[in-house]
Structures are given as structure tokens and as C-alpha cells.
Amino acid sequence: MYDKIAVGRRLKCLRHMTGKTQREVSKEIGISIETIRKLEQGKKGASMQVLDSLRDYYGSKMDFILYGDN
């Protein structure tokens, strides 16, 4: 299991680094904006499929998203 709050912070950081809004990410990935909000707030955990989509979208490594490792 992973720390949902820490993952949410990293997802929000990645989104800010790309200059995208939650709405843009939601539309481009096909995930509801409410899901994006809850993920970033650490109120909801994500499936591996959603995490894979976000990893690909942000061009990040899964280890960074889950654990903060570079």
C-alpha cells in the first residue's frame, strides 16, 4: 500500500510543473475531474491503470509517483 496523501502531493506537483489545470488533465486522460481532485487531495487511492495513465501523461517514473524516488 502507498501513502495516498504523499502520492497526491506529487501528482499535484507534476500537474503544476506541466502548467495544466485539473480540467485539462481530466479531459486529456479521460478521468473525471472529481477523481483528479480526490487523488491530489489524498482522499482517494488510484488503481494501477489510472497511475499508469498519469505516469505516461506526465512523463514521470512510477517510483517517483508512489515513493518520491527519482
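Heads up: numbering here begins at 1 and tracks the sequence.
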Shortest non-hydrogen contact from I36 toward Q22: CG2-CG, 3.8 Å
Partner residues of D52 under the side-chain hydrogen bond (donor to acceptor under 3.5 Å, both in side chains) criterion, sequence neighbours left out: R55
Sequence-distant partners of R9, salt bridge (charged side-chain N to carboxylate O under 4.0 Å, His left out), two or more places apart: none
Same apolar cluster: M62 and I31, side chain cutoff 4.5 Å: yes
From NZ (K44) to NZ (K4), nearest 0.5 Å: 10.5 Å
Residue of the set L54, L51, V7 for which side-chain contact (heavy atoms from CB on, under 4.5 Å) holds with L39: L54
Verify same cluster id: M17, I29 (apolar side-chain graph, 4.5 Å): no
R10: partners by side-chain hydrogen bond (donor to acceptor under 3.5 Å, both in side chains), with sequence neighbours left out: none
Y67 with L14, same ILVMFWY side-chain cluster at under 4.5 Å: yes
Distance (rounded to the nearest 0.5 Å) between H16 NE2 and K12 NZ: 4.5 Å
Residue pair A46 / V50: nearest heavy atoms and the distance that separates them: CB-CG1, 4.0 Å
For K20, salt bridge (charged side-chain N to carboxylate O under 4.0 Å, His left out) partners two or more places apart: E28
Distance-minimising heavy-atom pair for Y57 and V25: CE2-CG2, 3.7 Å
Same cluster (ILVMFWY, side-chain, under 4.5 Å), Y2 and F64: yes
Qualifying residues under side-chain hydrogen bond (donor to acceptor under 3.5 Å, both in side chains), relative to T35, sequence neighbours excluded: S32
Crowding at CD1, I5 (>12 non-hydrogen neighbours, <6.0 Å): no
Audit row: L11, I65, side-chain contact (heavy atoms from CB on, under 4.5 Å) steps and yes/no: CA-CA 7 Å; L11 290 173; I65 292 173; 4.0 Å; yes
Pairing residues for S47 by the side-chain hydrogen bond (donor to acceptor under 3.5 Å, both in side chains) criterion, not counting sequence neighbours: none
